[in-house]
Amino acid sequence: MKEIKSNINKKKINIKDIISNNKENRRKNRKNLKHGTYSMGVVAVFVAILVVVNLLIQELPSKYREIDLSTQKMYSIGDQTKKLLKNLDKDVTLYFIAQKGSESSDIEKLLERYEESSDHVKVEQKDPAVNPKFTSQYTTEGVNNNSVIVVSGDKSKVVDYNSMYETSVNYQTYASEVTGFDGEGQLTSAINYVTSDNMPVMYTLEGHDESSMSDSLKDMIQKANIDIQSLNLLTMDAVPEDADCLFIFAPSKDILEDEAKKIITYLEDGGKALIVSNYTGEDMPNFASVLENYGVKTVDGIILEADTNHYISQNPSYLLPNIESNDITSNLSSQSRYILMPLAQGIETTDNYRDTLTIQNILTTSDSSYSKVNVENMQTMEKESGDIDGPFHVGVAISEDLEDDKQTQIVYYSSETLFNDNMNTMVSGANFELISASVNWMCSNEDGSTISISSKSLDTSTLTIPAADASFWSIFVMAVVPAFLVILGGGIWMKRRKQ
C-alpha cells in the first residue's frame, strides 16, 4: 500500500513538473515570438526607408546622383558652358531628334546636364517616325537620328549627330574610327548663337601668298560663332567697318605701303588683329611697319634651343616655349600644358615705343636659346659667332587704350607652324586652345558670343617629352635597369654558391 501511495505521489510530482515546464516553454515561446516580431518589424522599416531613400535619390538631378568617371569628362559640362547657362536670360529649347529605343546615351546624358543647369533650358525628344515633318520647321535639309535642334525665339541651329563626333581613318585597317566627342562644344556654340544678337566677323587678308587655314582650324574659329570672310585691301578703300578682327596669316610676300597704312588706320581706331609671320629670308618693310607701329619687331634668323627641356628630342628648332601667365593663357598655364612651335623667329620690343602701349608676353624661350642668323647656309646647329643670344618672345599680346572707351588689341605669333594640325596633335590640342583663347580675347563682345570649347578626345593622348627627359629615361631603361638586374642576379648567385 505504501508503494502504491509513493508511486501516486511521484506521478503527481511529475505532472506538476510537466505543467510547470509547459508554462515555462509557453512563456519562452511568447518571448521569442515577441522578439521575432520586433526583428521583422525593424527589417521591414529598414527596407521601407531604403525604398523611400532610393525613390528620393531618383528624383535628384543626374549631376548629383551620377559620377562622371571618364578621363575626358564625357558626360560633364565645363566652366564656359556653366557660365553661359547661368547668364541665360532667354528661353532655349533643345529638340532631341531620336527614335524611341535608338537614342545615343552620350547625347542623352549630356542634354540632361544642360536642362539641369538652367531654368531657361528645356529638352524635348521628337521621334521622327511619329512626327516626320517636325524638322522642316527649322531646316530644308535632312536631319540625322540623334541630332539636336536648338531653338530660341526666331533663331534656330541644327547640331547634326555627325558633327558631335570626330572621326579619322585608321590607315592600318582603312576603317573610319571615332576619335573625339564634341557634343558640348557644338551644343554650347549653338545655344550661344541663338541667344546672341550680334556675331563677330573676322576678315582674313589675302593677295600676298598667305598661308591657308586647315579645315580643323577654320571649324574651330567658326564654332566660336565667328564669321570668316576674305579681304583684299587692293580693292577696298579701308578695312570694312563691320570687321571685329583682322587675320594676317603669314604672308610670304610683302604687303604694299598703301595696304599697311589702311591696316594701321584700322588698328588706331580700336581695331583688333591676329598677326602671324614666317621666316622668309626676304625683307618685308611694309609688313614690318605695322608691327613696329605697335612696338615690336622680329629678330633675324630662326630660334634654336640649347636647353633640352625646351625642345622635343633631336629637334632644337621644335620649341617648347614657356607659357607666360595672362588673360589669354590662364587655362593652359594652370594645367602645365606644352605648346609646340617649330621654326619660330624671335620677337623683341622696339626702342622708345610709346608709353600708351601695353605689351605682354605669351610665349618665351629659355635663357639658353639663340637665333641662328645664317639660315640659308647653316652648317651646324651649334651656336656660332654672329648668332643672337636669347631669351626671345615668340608670342605677344599688345593693347592700347584709346578715347571713347576704344581699345586696340593685337596678338602676334612668329611662326605659322603653331597653326599646323600635326603640331597641334603632338601636344594634344594645346596649340589650337591657345589660338582659340587669343581670338576670344580680341573678338569677344559683351554677350560673350565667341565661346569655343574643344572636343573631348576618345583617342590615345600624345605624350610630349622634352629632350632632357627623353635622354634620362633612355639611359635609365637601357643602362641603369639592366645593370641593376645584372648586379642583383650576380649577388644572388654568389650567395647561393657560398651556401
Side-chain angles (χ1 to χ4, degrees), residues 57-98 103-125 146-152 155-166 178-196 219-220 222-226 330-332 334-335 337 428-430 432-433 436-437 439-440 444 447-459 461:
I57 290 175
Q58 291 300 317
E59 294 301 316
L60 291 174
S62 60
K63 64 181 178 180
Y64 297 120
R65 57 185 167 84
E66 296 178 2
I67 301 175
D68 188 354
L69 298 177
S70 60
T71 304
Q72 295 291 333
K73 298 299 179 183
M74 286 279 293
Y75 312 112
S76 304
I77 56 176
D79 292 338
Q80 290 190 65
T81 298
K82 291 176 182 177
K83 182 179 179 181
L84 174 68
L85 296 178
K86 182 181 179 180
N87 295 330
L88 271 183
D89 57 3
K90 298 179 181 179
D91 291 335
V92 179
T93 303
L94 308 179
Y95 292 110
F96 185 31
I97 312 301
E103 298 91 344
S104 166
S105 60
D106 294 341
I107 299 173
E108 201 169 30
K109 290 179 180 178
L110 186 60
L111 290 174
E112 286 182 22
R113 297 292 191 268
Y114 279 85
E115 189 171 32
E116 294 165 355
S117 299
S118 175
D119 294 334
H120 288 284
V121 176
K122 181 174 66 174
V123 175
E124 291 187 22
Q125 182 172 346
N146 285 303
S147 297
V148 179
I149 301 178
V150 182
V151 180
S152 180
K155 296 182 72 174
S156 65
K157 187 173 184 179
V158 178
V159 180
D160 188 75
Y161 171 77
N162 293 324
S163 70
M164 288 187 270
Y165 287 90
E166 294 181 348
V178 177
T179 58
F181 180 60
D182 195 25
E184 183 188 357
Q186 295 293 336
L187 288 174
T188 299
S189 174
I191 293 173
N192 200 23
Y193 169 77
V194 299
T195 57
S196 298
D219 289 344
M220 181 199 71
Q222 290 175 334
K223 191 172 74 173
N225 294 319
I226 296 175
S330 56
N331 289 333
L332 289 169
S334 63
Q335 297 175 15
R337 305 283 295 279
S428 301
F432 279 13
E433 288 184 40
S436 177
V439 173
N440 289 349
S444 60
D447 59 6
S449 58
T450 58
I451 289 175
S452 181
I453 299 170
S454 301
S455 65
K456 298 173 182 179
S457 176
L458 302 178
D459 205 355
S461 298

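Throughout, numbering of the chain's residues begins at 1 and tracks the sequence.
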Undergrad: Heavy atoms only: give me the nearest Y165-S104 pair and the separation to one decimal.
TA: OH-OG, 3.5 Å
Undergrad: So which atom in S163 and which in D182 form the shortest heavy-atom distance, rounded to 0.1 Å?
TA: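 Closest approach of S163 to D182: O-CB, 4.1 Å.
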Undergrad: Could you go through the side-chain contact (heavy atoms from CB on, under 4.5 Å) check for I107 and Y161 one step at a time?
TA: CA-CA 9 Å; I107 299 173; Y161 171 77; 3.5 Å; yes
Undergrad: So do the side chains of I77 and E184 get within less than 4.5 Å of each other, counting heavy atoms only?
TA: yes
Undergrad: Does V194 offer a backbone N or O that forms a donor-acceptor pair with the side chain of K157 under 3.5 Å?
TA: no
Undergrad: Picking from T93, I191, T188, what satisfies side-chain contact (heavy atoms from CB on, under 4.5 Å) with V150?
TA: I191
Undergrad: Is it the case that the side chain of N225 and the backbone of S189 share a donor-acceptor pair, with hydrogens and angles ignored and the cut-off at 3.5 Å?
TA: yes
Undergrad: Drop me the distance from Y114's OH to T81's OG1, to the nearest 0.5 angstrom.
TA: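 Separation between the atoms: 4.0 Å.
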Undergrad: Flag the pair R337 and E433 as a salt bridge only when some basic side-chain nitrogen lies within less than 4.0 angstrom of an acidic carboxylate oxygen.
TA: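 Yes.
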Undergrad: Closer than 3.5 angstrom, by distance alone: can the side chain of K90 be matched with the main-chain N or O of T195 as a donor-acceptor pair?
TA: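 At least one qualifying donor-acceptor pair exists.
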Undergrad: Can you measure from OG (S117) to CG (L84) and round to the nearest 0.5 angstrom?
TA: 10.5 Å
Undergrad: If you compare all heavy atoms of D160 against all heavy atoms of N162, which two are closest, and at what distance to 0.1 Å?
TA: OD2-N, 2.9 Å
Undergrad: Is there a donor-acceptor contact under 3.5 Å from the side chain of E103 to the main chain of E108?
TA: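 It does not hold such a pair.
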Undergrad: Under the side chain to side chain contact (heavy atoms under 4.5 Å, CB included) rule, collect the residues that match up with K83, sequence neighbours excluded.
TA: N87
Undergrad: Looking only at non-hydrogen atoms, find the nearest pair between S118 and L88 and report the distance.
TA: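 Closest approach of S118 to L88, heavy atoms only: OG-CD1, 4.0 Å.
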Undergrad: Identify the two heavy atoms, one from M164 and one from N146, that lie closest to each other, and give their separation to 0.1 Å.
TA: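 Residues M164 and N146, closest heavy atoms: CE-O, 3.6 Å.
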Undergrad: Got a sec, which residues hit salt bridge (charged side-chain N to carboxylate O under 4.0 Å, His left out) with K122, two or more places apart in sequence or on another chain?
TA: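 Applying salt bridge (charged side-chain N to carboxylate O under 4.0 Å, His left out) to K122 gives E124.
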Undergrad: Measure across F96 and L111 and return the closest heavy-atom pair with its distance rounded to 0.1 Å.
TA: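 For F96 versus L111, the nearest heavy atoms are CG-CD1, 3.6 Å.
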Undergrad: Give, for atom CZ of R113 and atom CD of E116, the distance between the pair rounded to the nearest 0.5 Å.
TA: 6.0 Å
